[in-house]
Asker: 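Pasting in a structure now, in structure tokens, and then I'll have a few things to ask.
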Amino acid sequence: MKTLLVALVLLSSIVAPRLAAQSADLRREIDSLNRAMEATFNRGDLLGVAKFYADDAKLMGPRGGDVSGRDNIDRYWTGIKGAKSWKLEVLEVGGDRNTAYQVGRSTLVAAGPNGDHASVSRFVVIWKRQRDGRMQMALDFYHF
């Protein structure tokens with residue numbers, strides 16, 4: 001029994017740091033994707049933002065505003081009018097190298113008839129690694 005306990009302690013001292021490192025790597029990757037999406041949006045490339053989604057992705061918004069598939073996701077993003085800036089906050093990341101989830105907050109600023117308007121929402125994204133190695137959004141669920 002004592003030998004088993006010693007083995008478990010040794011094993012955990014090897015495995016725990018690896019898991020922590022993998023978790024930190026995943027968070028850095030997701031954070032980097034968020035920064036790239038912000039930069040793409042902020043330079044006015046809304047079609048480029050849509051390319052962060054997998055071709056078969058689903059975007060689910062408030063009031064049943066579901067959008068699925070490449071053409072519809074492209075149309076959704078290019079349909080945003082008066083876009084000025086976008087900030088994404090990564091609140092939580094989990095999962096593994098191939099399938100990860102992100103919980104975050106989005107602040108999108110757009111020009112409106114009475115001046116700029118900030119739209120703040122919370123979201124959950126499921127990221128999936130594609131065959132080419134890139135992570136893309138498979139599911140994006142947001143609410144205000």
Side-chain angles (χ1 to χ4, degrees), residues 3-112 115-144:
T3 304
L4 179 59
L5 183 57
V6 169
L8 288 174
V9 169
L10 287 173
L11 182 60
S12 71
S13 70
I14 293 168
V15 172
R18 278 194 191 144
L19 291 176
Q22 289 172 353
S23 179
D25 289 346
L26 182 61
R27 185 173 181 101
R28 275 191 294 277
E29 182 177 16
I30 298 300
D31 190 61
S32 177
L33 287 163
N34 279 251
R35 300 297 73 81
M37 286 191 315
E38 287 173 340
T40 302
F41 182 95
N42 292 337
R43 72 174 173 265
D45 183 4
L46 299 179
L47 186 58
V49 172
K51 300 304 180 205
F52 283 88
Y53 291 78
D55 288 343
D56 60 348
K58 182 173 217 165
L59 193 153
M60 300 170 68
R63 297 174 295 282
D66 295 1
V67 177
S68 296
R70 168 60 45 219
D71 291 340
N72 292 324
I73 289 172
D74 289 352
R75 200 170 6 269
Y76 171 87
W77 279 102
T78 56
I80 295 174
K81 301 300 178 210
K84 294 185 108 180
S85 67
W86 193 26
K87 177 167 177 40
L88 297 168
E89 297 173 69
V90 179
L91 303 177
E92 182 180 337
V93 171
D96 60 41
R97 185 181 186 293
N98 293 315
T99 304
Y101 71 86
Q102 172 189 355
V103 177
R105 185 174 15 257
S106 165
T107 304
L108 189 145
V109 176
D116 292 351
H117 172 73
S119 175
V120 179
S121 63
R122 292 172 36 119
F123 64 87
V124 176
V125 166
I126 305 296
W127 294 91
K128 290 204 174 198
R129 188 148 327 265
Q130 305 301 303
R131 289 182 184 174
D132 64 5
R134 292 179 305 140
M135 283 289 245
Q136 286 187 302
M137 285 184 267
L139 175 66
D140 180 1
F141 173 78
Y142 71 97
H143 67 91
F144 298 101

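Just so we're clear, the structure is a prediction, and the values are computed from it rather than from any experiment.
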Asker: Taking atom CZ as the centre, does R122 end up with more than 12 heavy-atom neighbours from other residues, nucleotides or ligands that are less than 6.0 angstrom away?
Answerer: no

Asker: So, the side chain of T78 versus the backbone of D74: is there a donor-acceptor pair under 3.5 Å, distance only?
Answerer: yes

Asker: Could you check whether R35 pairs with D31 (Lys NZ or Arg NE/NH1/NH2 to Asp/Glu carboxylate O, under 4.0 Å)?
Answerer: yes

Asker: Taking it one step at a time, do V67 and K58 satisfy side chain to side chain contact (heavy atoms under 4.5 Å, CB included)?
Answerer: CA-CA 6 Å; V67 177; K58 182 173 217 165; over 6 Å; no

Asker: Look at the side chain of R129 and the backbone N and O of R97, then say whether any donor-acceptor pair between them is shorter than 3.5 Å.
Answerer: yes

Asker: Do any N or O atoms from the side chain of D45 and from the backbone of F41 form a donor-acceptor pair under 3.5 angstrom?
Answerer: no

Asker: Considering all heavy atoms of both residues, which atom of G48 and which atom of T40 are nearest to each other, and what is their separation?
Answerer: C-CG2, 3.6 Å

Asker: Does atom NZ (K128) have a neighbourhood of more than 12 heavy atoms from anything else shown, all under 6.0 Å?
Answerer: no

Asker: Check step by step if side chain to side chain contact (heavy atoms under 4.5 Å, CB included) holds for R27 and V90.
Answerer: CA-CA 9 Å; R27 185 173 181 101; V90 179; 3.8 Å; yes

Asker: So do K51 and R134 actually touch side chain to side chain, heavy atoms under 4.5 Å?
Answerer: no

Asker: Ignoring hydrogens and angles, state whether a donor on the side chain of Q136 or W127 is under 3.5 Å from an acceptor on the partner side chain.
Answerer: no

Asker: Please test M135 against E29 for side chain to side chain contact (heavy atoms under 4.5 Å, CB included), starting from the C-alpha separation and ending with a verdict.
Answerer: CA-CA 9 Å; M135 283 289 245; E29 182 177 16; 3.4 Å; yes

Asker: What are the two closest non-hydrogen atoms of A100 and I30, and how far apart are they?
Answerer: CB-CD1, 4.4 Å

Asker: If every non-hydrogen atom of E92 is compared with every non-hydrogen atom of Y101, which pair is closest and at what distance?
Answerer: OE2-OH, 2.9 Å

Asker: Step by step, work out the side chain to side chain contact (heavy atoms under 4.5 Å, CB included) result for T99 and I126.
Answerer: CA-CA 7 Å; T99 304; I126 305 296; 4.2 Å; yes

Asker: Between V109 and A118, what is the shortest heavy-atom contact and its length?
Answerer: CG2-CB, 4.1 Å

Asker: Check V49, N34, T107, I80 against W86 for a side chain to side chain contact (heavy atoms under 4.5 Å, CB included) and give me the one that passes.
Answerer: V49

Asker: Has the side chain of E38 got a donor or acceptor atom that lies under 3.5 Å from a matching backbone atom of L88?
Answerer: yes

Asker: Can you give the donor-acceptor pairs under 3.5 Å from side chains of residues 137-144 to other protein atoms, not counting sequence neighbours?
Answerer:
unit_1	atom_1	unit_2	atom_2	d
D140	OD2	Y53	OH	2.5
Y142	OH	Y76	OH	3.0

